[in-house]
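Below is one structure, written out as structure tokens; the observations come after it.
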Amino acid sequence: MNNASPLITGRCTLVGAGPGDPELLTIKAVKAIQAATVLLVDDLVSDEVLAYARPGARIVHVGKRGGCKSTPQAFIERLMITAVREGETVVRLKGGDPFIFGRGGEEVEHLREAGIACAVVNGITAGLAAVTSLGVPLTHRDHAQGVVFVTGHAKTGAGAQDDPTDWRALAAMAHNARLTLVIYMGVSGAARIERELLQGLPGDTPVAVVQHASLPHQRHIATTLDGLQARIAEAGLASPAVIVVGDVLRGLAAAALPADATRFGT
């Protein structure tokens, strides 16, 4: 009796599609997309990025968006494993970077449990693209000695905490260690985040909220921490958006040149 595992002839790569602008794709990401016979694609990946797919490639949209109907994660993982076992060259195409709030770690773990090796191609994460589009950095020798990426959207389901992030402790650390905070998926919880961060950060701490970072229809607001929720509501910003908190933003007005007024406007 032969108990040998079946030979796996397919392969899988997790690819970061970046923040949306197709020109921000890495060369390695483009090559992986062009080689794929099956692409499992997140909602935030643009059609311009998918234009690099080879003719005849099977494109499966497996969107996961907060507040919207989402493809179950377990189903996505089964699709990946099944396609690889069928000999396909699979690309799991994710917005931003697969390993920054992209659940890439979970997918790699499940693939390995199934005996499937997986490569990863990094992408530019939205938090970096957002501040770059405003002409300011995430770190600065005079203003920020480091940066913290944190999710504003808590894990849901059995055993999940209501809000596992200790925003007060994070605010105190950011203030004492001079850190920039980059908050993903935080717009819907902006009121709570503002209230908690104010326990450790001054009310006049600069904040920017950038929606659709890097895309032609990008919008942003610049405000202070004590006016965060009010300005989001006033501007009508919604997901996908990134909230950036910290003194690196104090030069935001000066960084936007007059020629860029339309691009940087709200």
Side-chain angles (χ1 to χ4, degrees), residues 1-126 129 151 153 155-158 160 184-185 214-215 239-240:
M1 182 176 180
N2 186 3
N3 292 321
S5 300
L7 180 66
I8 295 176
T9 58
R11 54 195 174 96
C12 184
T13 305
L14 304 188
V15 177
D21 182 348
E23 293 187 355
L24 293 179
L25 285 169
T26 65
I27 294 173
K28 195 168 187 177
V30 172
K31 289 180 177 178
I33 294 168
Q34 290 173 335
T37 58
V38 174
L39 294 106
L40 305 179
V41 183
D42 276 352
D43 269 352
L44 296 180
V45 176
S46 68
D47 290 339
E48 289 79 9
V49 170
L50 292 177
Y52 286 107
R54 66 197 290 178
R58 182 157 58 100
I59 298 175
V60 183
H61 293 275
V62 288
K64 297 181 75 63
R65 294 284 300 278
C68 303
K69 184 177 181 180
S70 297
T71 306
Q73 183 67 23
F75 179 74
I76 296 172
E77 290 159 0
R78 286 197 299 271
L79 283 179
M80 296 166 70
I81 292 169
T82 299
V84 172
R85 287 176 173 168
E86 291 174 348
E88 304 283 3
T89 299
V90 179
V91 161
R92 174 73 172 100
L93 193 56
K94 297 172 170 288
D97 183 276
F99 279 177
I100 299 182
F101 307 122
R103 303 189 74 168
E106 297 173 40
E107 292 175 356
V108 167
E109 289 171 2
H110 282 88
L111 289 164
R112 286 174 179 166
E113 289 171 1
I116 298 170
C118 181
V120 179
V121 177
N122 294 114
I124 294 175
T125 187
T151 177
H153 179 69
K155 178 180 178 181
T156 58
Y184 292 68
M185 298 169 283
S214 85
L215 294 174
S239 179

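Values in this document were obtained by computation on a predicted structure and should not be read as measured data.
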Separation between [atom1] of [X] and [atom2] of [Y], rounded to the nearest 0.5 Å:
X	Y	atom1	atom2	answer
E88	T9	CD	OG1	9.0 Å
R92	L39	CZ	CG	10.5 Å
E107	Q73	CD	CD	4.5 Å
D43	T71	CG	OG1	7.5 Å
H110	R103	NE2	CZ	9.5 Å
S239	M185	OG	CE	8.5 Å

Around E23, counting heavy atoms of other residues, nucleotides and ligands shown, do more than 12 lie under 6.0 Å from its CD? no

Does the side chain of E106 come within less than 4.5 Å of I76's, by heavy atoms? no

Quick check: closest heavy atoms across [X] and [Y], and the distance to 0.1 Å?
X	Y	answer
V49	G20	CG2-O, 4.2 Å
P240	L44	CG-CD2, 3.9 Å
A32	V91	O-CG2, 3.4 Å
P19	A129	CG-CB, 3.5 Å
L111	C12	CD1-SG, 4.0 Å
V62	L40	CG2-C, 4.0 Å

Between T26 and N122, does the side chain to side chain contact (heavy atoms under 4.5 Å, CB included) criterion hold? Intermediate values first, please. CA-CA 8 Å; T26 65; N122 294 114; over 6 Å; no

Could you check T37 against E86 for side chain to side chain contact (heavy atoms under 4.5 Å, CB included), going step by step and ending with a plain yes or no? CA-CA 11 Å; T37 58; E86 291 174 348; over 6 Å; no

Heavy-atom donor-acceptor pair, D21 side chain to L215 backbone, under 3.5 Å: no

Hey, does the side chain of R54 reach the backbone of A35 with a donor-acceptor pair shorter than 3.5 angstrom? yes

Apply the test side chain to side chain contact (heavy atoms under 4.5 Å, CB included) to residues L50 and H61: give CA-CA distance (whole Å), side-chain angles for both, the deciding distance (0.1 Å), then the verdict. CA-CA 11 Å; L50 292 177; H61 293 275; 3.9 Å; yes

Which is it for T125 and F101 under the side chain to side chain contact (heavy atoms under 4.5 Å, CB included) test, yes or no, and what are the steps along the way? CA-CA 9 Å; T125 187; F101 307 122; over 6 Å; no

Let me know which of T13, V15, I59 forms a side-chain contact (heavy atoms from CB on, under 4.5 Å) with L93. V15

